[in-house]
Structures are given as structure tokens and as C-alpha cells.
Amino acid sequence: MQIKIKEVPSVKTKLVMPTNEAIKEAGEIIRSGNLVGMPTETVYGLAANAYDEKAVKSIFYAKKRPQDNPLIVHVNSVEMAQSLALEIPKLAKDLMNKFWPGALTIILKKSKNVPYTVSAGLDTVAVRLPSHSVAKKLIDEAGVPIAAPSANLSGKPSPTKASHVYDDFSGVIPMILDGGDCNVGIESTVVSLDNDIIKVLRPGEITIEMLSSVCENIAIDDAVLNPLREGEKISSPGMKYKHYSPKANVTILKGTLENFCDYFNENKGEKTYALVFNGEDKKLKGNVLTYGSDTKDQAQKLFSVLRELDKLEAKEVFVRCPNLDGVGLAVYNRLIRAAGFNVLEV
Ligand code: TXA
Ligand code: MG
């Protein structure tokens with residue numbers, strides 16, 4: 001099917017504070033089959049009633065999202081998750097007990113309650129119980145599970161501020177709830193379960209180290225750190241698409257700060273930017289942006305700074321390589337996609 005954003009009729013988009021009244025209205029909008037920009041602790045979501053196939057289809061239209069990329073369903077209780085799944089294995093229960101509400105999405109076998117539009121034809125469903133109070137209240141008000149991908153146009157960096165959602169969907173969706181800046185800043189960790197093994201399909205705030213407190217057997221999907229090989233079967237369809245990309249050509253530079261500075265100075269042009277860690281900007285002359293101090297802070301700031309680079313019309317960006325421990329793995333996973341796997345040792 002051809003996806004054209006023009007097919008979505010133009011509407012006036014309300015950007016509002018999440019008062020009880022506003023959340024009530026947002027719940028009604030969801031029940032009536034329309035979309036709402038919803039804050040979560042990870043990134044903003046583009047929310048629809050997961051049971052309403054027409055509403056779910058309009059998410060794909062609005063985002064220009066490939067039809068084979070399934071959506072995450074957000075719930076307000078383990079019971080609601082149970083109604084979406086054929087069964088909840090013990091390992092899934094243990095993960096829910098430990099990490100819900102929070103930034104962990106679990107892939108389960110889907111029940112017949114989940115339309116195939118949500119799962120993009122798969123027999124599984126991705127489920128998450130968010131910790132953000134506005135997201136929780138919105139699910140309560142809507143009274144249904146909420147299907148929500150990140151609220152960005154497909155391919156663009158995920159939104160961590162209500163204004164990012166407004167930039168992408170003003171005139172397309174009726175309401176955005178402004179919950180302020182997202183705390184985590186990158187999308188949830190996505191895992192699938194195979195008997196006693198946890199497979200990490202997308203790293204996030206819930207780290208490998210944290211998951212290993214529940215289960216020792218953890219596998220990291222190949223696609224987390226590597227480009228997809230020709231003809232390779234993919235565990236999570238989202239991993240095969242170009243992602244998080246500013247318009248500029250992005251290169252990750254691995255090596256010392258000193259070598260980074262030398263490389264930047266030798267290769268910079270008028271619209272070239274350096275993206276470095278807090279405090280390092282003083283060492284560089286030219287266009288320099290920072291993206292945080294420790295890896296948690298880098299996660300929180302990364303998408304916002306990638307969007308800023310577009311506004312600045314950056315043509316070339318050289319980025320300091322994050323540490324790969326803890327949340328750093330997730331930061332690196334998003335960055336190598338933004339860079340189209342363009343990594344240089346300096
Ligand atoms: O933090 C988050 O996860 C945010 C907020 C809004 O909750 N949502 C989000 O959704 O990032 P989205 O659609 O941008 O990413 C969902 C990822 C995609 O890579 C998709 O392919 C994968 O989850 N996914 C969804 N359902 C799946 C399934 N049944 N099997 C494998 N992967 C699945
Ligand atoms: Mg997304």
C-alpha cells in the first residue's frame with residue numbers, strides 16, 4: 001500500500017498540559033478512534049486504541065511507517081497484559097515483577113484480542129507497562145490497551161519533548177499531552193524469550209546487567225550492533241530500517257579526545273559539527289554541541305541533539321563514541337544507526 005501523509009485530513013492540534021481534564025479528553029479521543037501524542041518515561045508515543053484496527057492503521061499512515069513493523073501495546077496492569085497474550089511464561093512474569101512499570105517491552109505470543117494490524121501479521125505481541133503517570137492515567141481513562149510507536153515520522157529521531165511531536169504531527173493529530181522532557185530519552189529495552197533465554201532485540205534503560213539479575217542466560221541479537229546482512233532473518237522488524245537519522249552525514253570517531261580534536265580540526269567544513277561529551281567542548285574550536293556527561297545523561301539528550309542538528313542544517317557531524325557499558329550500549333545502538341554504521345578509529 002502506498003503511504004501518503006496527505007491522505008490524513010488536516011486537523012487543529014492542541015498541545016496541552018496533562019491536567020486530569022485534558023487526560024480525560026485524550027481518553028475520549030482514543031476511544032473515538034483518533035490519535036494522541038502521549039508522554040512516557042522513555043520517549044513520546046503516538047497513541048491509539050489497540051483494539052481499533054482503523055485507528056491503528058492511521059498510526060502507520062501518520063508516521064509513514066512500513067506496514068511490516070509491529071507496534072508496542074501499552075497496558076496499565078499485568079492483568080491487561082494477560083488479556084493480550086496466549087500465555088505468560090514464568091520468565092516473563094519474573095521480568096514483569098522486577099521491571100514493570102518501566103522501560104522494558106516483552107514479546108509474548110499474542111491472543112486473539114490483538115489485531116494483526118498491531119502485530120504486523122506476526123503471532124506475537126510486544127507489551128509494556130509504562131511508569132509515566134500521564135501514560136498510566138491515559139490508559140485508565142481510555143479503558144483499553146494503547147498501541148503506540150514512538151511519535152516521530154519514520155526514520156527521524158524519536159521525540160523526547162512535546163515540541164518534537166508537534167514538529168512532526170501538527171495538523172495531523174488532534175491532541176498532544178505535554179509531559180515535559182522524557183526522563184530516559186531513548187526507547188524501551190525490547191526482549192523476546194526462548195525457554196530460559198532472554199534475547200535482547202533492542203537495548204535500553206533496562207540494561208543487560210540488570211536483566212541478568214533475573215536470568216543468567218542472555219543473548220544479544222546480532223542486529224543490535226551490526227548492519228543487517230543480505231537475506232538475513234530479522235527478529236525485530238524495526239531493526240532493519242534506517243533510524244534516528246539527522247539529515248547530516250554522521251560519523252562516530254572511536255579514540256581519545258585528543259585524536260578526535262585533531263581529526264575534527266583537519267576535516268571540518270562550514271556546516272561540520274562536533275558532538276562531544278559535556279566539558280569537552282572547551283577543547284574544540286568551531287561548531288560544537290554536547291550530549292551529556294555519563295551514559296544515562298547521554299541517553300536523555302541524544303535524540304534532542306540529533307533533532308537540533310537538523311535545525312542547524314548540519315551537513316557533517318563527528319560524534320564522540322560512548323562507553324558501551326550499561327545504558328551506553330543503547331546509546332551506541334541508536335548512534336550507529338544514525339551514523340549508518342559509519343565508525344572510524346582515530
Ligand atoms: O519506549 C518505547 O518502547 C516507545 C514508547 C512510546 O513506549 N515505543 C517505541 O515503539 O519505541 P517503536 O514502534 O518505535 O519501536 C518498537 C520496536 C520496533 O523495533 C518493532 O519492530 C519492535 O519493537 N516490535 C514490536 N512488536 C514486535 C514483535 N511482535 N516482535 C518483534 N519486535 C517487535
Ligand atoms: Mg520508533
Side-chain angles (χ1 to χ4, degrees), residues 42-43 65-72 89 91-92 95 99 103-110 119-128 149-150 152 154-158 184-245 250-254 295 298-299 302-303 306 319 321-345:
T42 55
V43 300
R65 183 177 176 99
Q67 305 272 315
D68 65 349
N69 194 6
L71 307 178
I72 294 175
L91 183 51
L95 289 171
F99 299 113
L104 180 71
T105 296
I106 307 173
I107 312 285
L108 299 164
K109 285 190 187 126
K110 81 170 198 69
S119 69
L122 299 175
D123 288 322
T124 52
V125 61
V127 188
R128 175 161 107 80
S150 50
N152 53 286
S154 243
K156 280 185 73 170
S158 291
V184 177
I186 48 171
E187 311 87 340
S188 61
T189 306
V190 178
V191 298
S192 66
L193 310 175
D194 181 6
N195 292 317
D196 287 337
I197 302 173
I198 299 178
K199 191 165 191 191
V200 177
L201 306 183
R202 180 175 74 183
E205 192 209 20
I206 307 297
T207 61
I208 312 287
E209 293 84 343
M210 289 159 80
L211 292 169
S212 59
S213 71
V214 171
C215 166
E216 284 175 356
N217 302 323
I218 299 184
I220 303 177
D221 195 89
D222 239 18
V224 166
L225 291 176
N226 301 298
L228 196 62
R229 285 182 293 266
E230 194 65 29
E232 190 177 358
K233 190 175 171 291
I234 188 95
S235 317
S236 186
M239 298 293 247
K240 73 181 173 198
Y241 295 108
K242 191 159 196 274
H243 253 135
Y244 319 117
S245 308
V250 179
T251 309
I252 301 171
L253 300 183
K254 262 189 181 163
T295 45
Q298 287 154 25
L302 178 66
F303 286 143
L306 290 180
V319 192
C321 186
N323 189 328
L324 263 62
D325 292 345
V327 189
L329 180 68
V331 176
Y332 186 69
N333 167 270
R334 306 313 190 267
L335 256 183
I336 40 169
R337 281 171 169 74
F341 294 90
N342 203 2
V343 185
L344 258 185
E345 302 266 355

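Residues: numbered from 1 along the sequence shown.
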S.K.: Mind checking the SG-CD spacing from C321 to E345? Nearest 0.5 Å is all I need.
M.R.: 8.5 Å
S.K.: OG of S154 to CG of N69: how many Å apart, nearest 0.5 Å?
M.R.: 7.0 Å
S.K.: Taking all non-hydrogen atoms of both residues into account, name the closest pair between P227 and F341 and its distance.
M.R.: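 Here P227 and F341 meet closest at N-CE2, 3.3 Å.
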S.K.: Do you know the tightest heavy-atom contact between S119 and L122?
M.R.: OG-O, 2.7 Å
S.K.: With a sphere of 6.0 Å drawn around CG of N226, does it hold more than 12 non-hydrogen atoms of other residues, nucleotides or ligands?
M.R.: yes
S.K.: Can you tell me how far apart CG (L335) and CG (L302) are? Round to the nearest 0.5 Å.
M.R.: 5.0 Å
S.K.: Can you see which heavy atom on T295 is nearest to which on N323, and at what distance?
M.R.: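 What the structure gives for the nearest pair is CG2-O, 3.7 Å.
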S.K.: Going from CE on M210 to CD1 on I218, what distance comes out if it is rounded to the nearest 0.5 angstrom?
M.R.: 11.0 Å
S.K.: Drop me the distance from E216's CD to I198's CD1, to the nearest 0.5 angstrom.
M.R.: 11.0 Å
S.K.: Indicate yes or no: at least one non-hydrogen side-chain atom of V214 is less than 4.5 angstrom from one of L91.
M.R.: yes
S.K.: Does the side chain of V191 reach to within under 4.5 Å of the side chain of I106, using non-hydrogen atoms?
M.R.: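 Contact flag for V191/I106 side chains = yes.
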S.K.: Just so I know, are the side chains of K199 and D194 near enough to count as touching, which here means a heavy-atom distance under 4.5 Å?
M.R.: no
S.K.: Can you check whether V200 reaches L329 side chain to side chain, under 4.5 Å on heavy atoms?
M.R.: no
S.K.: Given the rule in the side chain to side chain contact (heavy atoms under 4.5 Å, CB included) test, do V125 and I107 qualify, once you have shown the distances and angles that lead to the verdict?
M.R.: CA-CA 5 Å; V125 61; I107 312 285; over 6 Å; no
S.K.: Among all residues two or more places apart in sequence or in another chain, which pass the side-chain contact (heavy atoms from CB on, under 4.5 Å) test with K109?
M.R.: L86, E87
S.K.: Who passes side-chain contact (heavy atoms from CB on, under 4.5 Å) against P89, sequence neighbours left out?
M.R.: A92, L108
S.K.: Can you name the residues that form a side-chain contact (heavy atoms from CB on, under 4.5 Å) with N342, not counting sequence neighbours?
M.R.: N249, T251, A339
S.K.: Mind listing the closest non-hydrogen atom pair of A126 and T105 along with its distance?
M.R.: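 Nearest heavy atoms, A126 then T105: CB-CG2, 3.6 Å.
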S.K.: Taking side chain as C-beta onward, heavy atoms only, is L211 less than 4.5 Å from L104?
M.R.: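 Yes, at least one pair of side-chain atoms sits under 4.5 Å.
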S.K.: Is a side-chain N or O of R334 found less than 3.5 angstrom from the main chain of E187, in a donor-acceptor match?
M.R.: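 A pair under 3.5 Å: yes.
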S.K.: Of all heavy-atom pairs between P70 and R65, which one has the smallest distance, and what is that distance?
M.R.: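 Result for this residue pair: O-NH2, 2.8 Å.
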S.K.: Give the minimum heavy-atom separation between S213 and F99, together with the two atoms involved.
M.R.: OG-CZ, 4.4 Å
S.K.: If you round to the nearest 0.5 Å, how far is OH of Y332 from CG of L225?
M.R.: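 Rounded to the nearest 0.5 Å, the CG-OH separation comes to 7.0 Å.
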S.K.: The test is side chain to side chain contact (heavy atoms under 4.5 Å, CB included); show your working for V43 and N152 and say whether it passes.
M.R.: CA-CA 10 Å; V43 300; N152 53 286; over 6 Å; no
S.K.: Do side-chain atoms of T189 reach the backbone of I206 as a donor and acceptor pair under 3.5 angstrom?
M.R.: yes
S.K.: Side chains of S188 and T42 only: does a donor on one sit below 3.5 Å from an acceptor on the other?
M.R.: no
